[in-house]
Participant: 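Before we start, here is the structure in question, set down as structure tokens.
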Amino acid sequence: MIARFPQSARTILASALVVATAGCAGPSEPYPSLAPRPIEQISMAEPNRLDPPVAAADPAAMERYAPLIAQAKSADADFRRVLEEERLALAHGRGAAEGSDAWLSAQVSLSRIETARGPVAKELADLDAARSGLDPQTDTGAMIAIGQAFQIVQQLSSAEDAAVAQATGR
């Protein structure tokens, strides 16, 4: 059957057959491996981090702020005493007409009460000023100590606010 074709057609057919069989031959180099590459074996998960150590209040700072706390507690006791002394005058002046003797007496009592609140407010302001002067990055123990002292004095101040509001009916 091939004999019927001219020589040029046989050459073309043989060339096509050689080219077709050459495509089936494998490359001289091996294919790259399908195994994971070294970079693919590195975990991209977030690393486990240890919790930072819990910071504690600096004992020296606690001692430094202890007198301020003691002064605030003493001032709060004085405030409580003044509040009790003036409670009756406040009650009488609550419904009194403005300018009356009872109203004036209540105003004087209210002034004494507010004056008695001053020392706790001063201690709170002193602690706040000291707290703002510390660097939270380097003075962690002192920051904790002053934070605790500030919280104690702030609770005293808040309790005084509530006591005045109750005594004045506000």
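Each residue takes its place number in the sequence, starting with 1.
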Participant: Report the distance from atom OG of S100 to atom CG of L104, rounding to the nearest 0.5 Å.
Facilitator: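 So the OG of S100 and the CG of L104 are separated by 6.5 Å.
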Participant: If you round to the nearest 0.5 Å, how far is CD1 of I146 from CE of M62?
Facilitator: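 Going from CE on M62 over to CD1 on I146, the span is 11.0 Å.
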Participant: Starting from the C-alpha separation in whole Å, work towards a yes-or-no answer on salt bridge (charged side-chain N to carboxylate O under 4.0 Å, His left out) for R112 and E85.
Facilitator: CA-CA 10 Å; R112 284 192 67 215; E85 291 172 0; 3.5 Å; yes
Participant: Taking all non-hydrogen atoms of both residues, which atom of Q41 and which atom of P36 are closest, and how far apart?
Facilitator: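 Reported closest heavy-atom pair: NE2-O, 3.7 Å.
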Participant: Which atom pair, heavy atoms only, marks the closest approach of S132 to A129?
Facilitator: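 So the minimum-distance heavy-atom pair works out to OG-O, 2.9 Å.
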Participant: Check whether E84 reaches the backbone of R81 with its side chain - one donor and one acceptor, N or O, closer than 3.5 Å.
Facilitator: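 No, E84 side chain to R81 backbone: no donor-acceptor pair under 3.5 Å.
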Participant: If every non-hydrogen atom of A142 is compared with every non-hydrogen atom of A61, which pair is closest and at what distance?
Facilitator: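 Nearest heavy atoms, A142 then A61: CA-CB, 4.0 Å.
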Participant: Tell me, do E114 and V164 make a side-chain contact under 4.5 Å, heavy atoms counted?
Facilitator: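 Yes, side chains in contact.
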Participant: I need the D76 CG to Q155 CD distance, nearest 0.5 Å.
Facilitator: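 Result: 11.5 Å between the selected atoms.
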Participant: Might you point out which heavy atoms bring A89 and S105 nearest each other, and give the distance in Å?
Facilitator: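 Nearest pair, atom of A89 first, then S105: CB-OG, 3.8 Å.
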Participant: Without swapping roles, check the side chain of T115 against the backbone of S111 for a donor-acceptor pair under 3.5 Å.
Facilitator: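 Such a contact is found between T115 side chain and S111 backbone.
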Participant: One pair to check against side-chain contact (heavy atoms from CB on, under 4.5 Å): D126 and K122. What are the steps and the verdict?
Facilitator: CA-CA 6 Å; D126 289 347; K122 180 191 176 305; 2.7 Å; yes
Participant: Less than 4.5 Å apart, side chain to side chain, heavy atoms only: is that true for Q154 and E123?
Facilitator: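 Heavy-atom side-chain distance check fails, nothing below 4.5 Å.
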Participant: With distance as the sole test, does R94 use its side chain to make a donor-acceptor pair with the main-chain N or O of A167 at under 3.5 Å?
Facilitator: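 Judged by distance alone, yes, a pair lies under 3.5 Å.
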Participant: Would you compute the distance between atom CD1 of I152 and atom OG of S157 and round it to the nearest 0.5 angstrom?
Facilitator: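 Between atom CD1 of I152 and atom OG of S157 there are 14.0 Å.
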Participant: At what distance, to the nearest 0.5 angstrom, does CG of L127 lie from CD of Q151?
Facilitator: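 Separation between the atoms: 12.0 Å.
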Participant: Working to the nearest 0.5 angstrom, can you tell me the gap between L124 CG and L68 CG?
Facilitator: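 Rounded to the nearest 0.5 Å, the CG-CG separation comes to 10.5 Å.
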Participant: Treat each ILVMFWY residue as a node, draw an edge where side-chain heavy atoms are under 4.5 Å apart, and state whether W103 and L110 are in one component.
Facilitator: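 No; L110 is not reachable from W103 via cluster members.
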Participant: Under the criterion salt bridge (charged side-chain N to carboxylate O under 4.0 Å, His left out), I'd like the reasoning laid out for D128 against R131: C-alpha separation, chi angles, the key distance, then a yes or no.
Facilitator: CA-CA 5 Å; D128 191 36; R131 182 173 63 171; 3.0 Å; yes
Participant: Is there a side-chain contact between K73 and V120 (heavy atoms, below 4.5 Å)?
Facilitator: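 Not touching, per the 4.5 Å side-chain cut-off.
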